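For clarity, every value in this text was computed on a predicted model and none was experimentally measured.
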Amino acid sequence: MGSVRTYVSGDVRVAYGQLYVVSEPEGDGGGPHESMAGQSQGLCGAAIPGFLYLNTALHTGQVGFVVEVHEDPPRLDEEWEDVVEASFRPLSGEVALELWGGEGHFPLGLEEGVDYRVRYSGSRMDEAREREHEFIEHPGIERHLLQFWPARPERDRVVKQVSGSAAYWHDFARKLPRPPSPEQRAKAERRVREEAERAAEEQHLSLLRREWGGRIPSERLRTVLGNVDGIRELAPELAHALDELSPERQRAVARWAMRRAFEEAGLAQVGWIAPALDAAERGQRLPAPFDDVHEAVWDRLFADPDVPQTMVASTDGRTPAMLQQAMAVAALFGAVEDDPLRAALDALYAAAVTFGPAYGTLFAEARSAFPDELGPATA
């Protein structure tokens with residue numbers, strides 16, 4: 001015979017006729033229906049992985065309770081009236097016997113990830129139930145022995161039955177529907193996951209439609225860098241239309257928007273700026289100071305007395321005064337972007353900001369200038 005270790009020995013207080021063996025710090029286990037589903041006995045619910053639900057006949061009061069861990073299968077002692085067996089595999093965390101409501105915690109020497117056979121024995125259960133009120137505040141006569149030993153998993157079984165209390169719980173367990181098989185559970189979980197993914201995708205598409213004027217934008221339009229969000233917020237239909245153009249026509253729109261921004265800001269005829277506009281329209285390298293760091297452009301823009309300084313409100317009117325010429329310069333830098341779609345979006349948005357609250361006039365002009373690509377002009 002192998003060694004035996006005793007972890008609990010004495011009277012413990014039960015409430016609602018139940019105790020538990022838990023092996024997850026955050027786990028709540030389950031009630032009798034979940035714990036006993038598919039079992040042939042109802043004293044030791046072992047249907048939930050890493051959790052045991054132990055029944056007593058006494059509803060509330062003291063019962064004698066002993067927990068043993070054996071190296072080998074223990075001998076069956078005939079003194080016990082009701083005996084059942086089940087299998088148990090501890091999960092993560094400390095394994096412990098827990099009393100209802102957190103009224104007691106008894107660590108047990110069981111190893112995580114090891115399969116155990118559990119034998120749960122009881123005596124004088126019917127007497128305890130019949131004399132319930134005598135044992136609420138004093139030790140009772142019902143006793144239980146809970147034994148563990150390493151063993152491969154097997155079906156639960158009734159080893160011995162004498163009491164009517166045990167017979168009641170066995171009958172209760174046998175009437176419960178069988179739990180789903182691992183395959184059925186995996187299929188159900190997969191279906192739930194797929195439905196959640198479908199719902200998330202529908203929600204995502206619905207949001208895209210709202211943001212993009214009732215249409216789903218292309219992947220290209222969603223991922224292009226630059227001021228795509230600016231055009232989307234002002235005129236999403238123009239963003240879609242620009243996305244559908246050829247690179248050559250996208251570049252043409254970018255150059256047109258650049259020119260209109262500089263005209264609106266009174267910059268198109270400024271001597272050191274006009275050559276840059278001409279070079280951009282011909283697809284040539286920009287002349288100085290536009291060929292270097294942008295700071296040189298801003299410094300000259302603000303220092304040149306020939307450059308007009310006019311103010312314009314933001315497109316939404318919330319910012320009342322922005323320097324219109326500074327807004328227009330961004331259209332030139334946008335128009336020469338390597339990506340034609342980004343060039344069109346950036347230049348058109350910079351031009352819209354240059355027009356400020358009158359950006360609708362700009363968009364109407366764009367539709368007139370490119371009627372086959374951007375649609376007819378609107379009022």
How far apart are the C-alpha atoms of His105 and Glu98, what are their side-chain angles, what is the distance that settles it, and do they pass the side-chain hydrogen bond (donor to acceptor under 3.5 Å, both in side chains) test? CA-CA 5 Å; His105 177 88; Glu98 295 273 3; 2.6 Å; yes
Can we say [X] and [Y] salt-bridge, meaning some charged N sits less than 4.0 Å from an Asp/Glu carboxylate O?
X	Y	value
Glu81	Lys160	no
Glu79	Arg143	yes
Glu127	Arg124	yes
Glu244	Arg220	no
Arg232	Asp229	yes
Arg198	Glu201	no
Glu85	Arg117	yes
Arg342	Glu337	yes
Glu219	Arg222	yes
Arg129	Glu142	no

Give the intermediate values and the outcome of side-chain hydrogen bond (donor to acceptor under 3.5 Å, both in side chains) for residues Thr310 and Gln325. CA-CA 7 Å; Thr310 53; Gln325 289 68 36; 2.8 Å; yes
I need the minimum non-hydrogen distance between [X] and [Y], along with the two atoms involved.
X	Y	value
Ala268	Glu263	CB-CG, 4.0 Å
Ala352	Thr315	O-CG2, 3.8 Å
Ser40	Val158	O-CG2, 3.8 Å
Pro236	Glu211	CB-O, 4.5 Å
Cys44	Val118	SG-CG1, 4.3 Å
Ser163	Asp82	OG-OD2, 2.7 Å

Between His70 and Phe148, does the ring centre distance come in under 6.0 Å? no
Suppose we call two aromatic rings close when their centres sit under 6.0 Å apart. Are Tyr53 and His33 close by that rule? no
Between [X] and [Y], what is the ring plane arrangement, given parallel below 30°, perpendicular above 60°, and tilted in between?
X	Y	result
Trp298	Phe302	parallel
Phe290	Trp272	parallel
Phe65	His144	tilted

Considering only heavy atoms from C-beta outward, does the side chain of [X] approach that of [Y] to under 4.5 Å?
X	Y	value
Leu146	Glu68	no
Tyr116	Glu111	yes
Pro217	Leu208	yes
Leu234	Phe363	yes
Asp278	Arg259	yes
Leu43	Leu54	no
Arg152	Glu154	yes

Gap between atom CD of Gln39 and atom NE2 of His170 - 0.5 Å precision: 10.5 Å
Between [X] and [Y], is there shared hydrophobic-cluster membership here, with clusters defined by ILVMFWY side-chain heavy atoms closer than 4.5 Å?
X	Y	result
Tyr120	Val95	yes
Val336	Val253	no
Val353	Val329	no
Met327	Val297	no
Trp149	Leu97	no

Could you walk me through whether Arg190 and Glu197 pass the salt bridge (charged side-chain N to carboxylate O under 4.0 Å, His left out) test, one step at a time? CA-CA 10 Å; Arg190 184 168 59 252; Glu197 291 171 353; over 6 Å; no
Applying side-chain hydrogen bond (donor to acceptor under 3.5 Å, both in side chains) to Gln18 and His59, what does each step give before you reach the verdict? CA-CA 8 Å; Gln18 55 194 264; His59 181 277; over 6 Å; no
Run the side-chain hydrogen bond (donor to acceptor under 3.5 Å, both in side chains) test on Thr354 and Gln324 for me, step by step, so that the C-alpha distance in whole Å, both residues' side-chain angles and the decisive distance to 0.1 Å come before the verdict. CA-CA 5 Å; Thr354 303; Gln324 193 175 37; over 6 Å; no
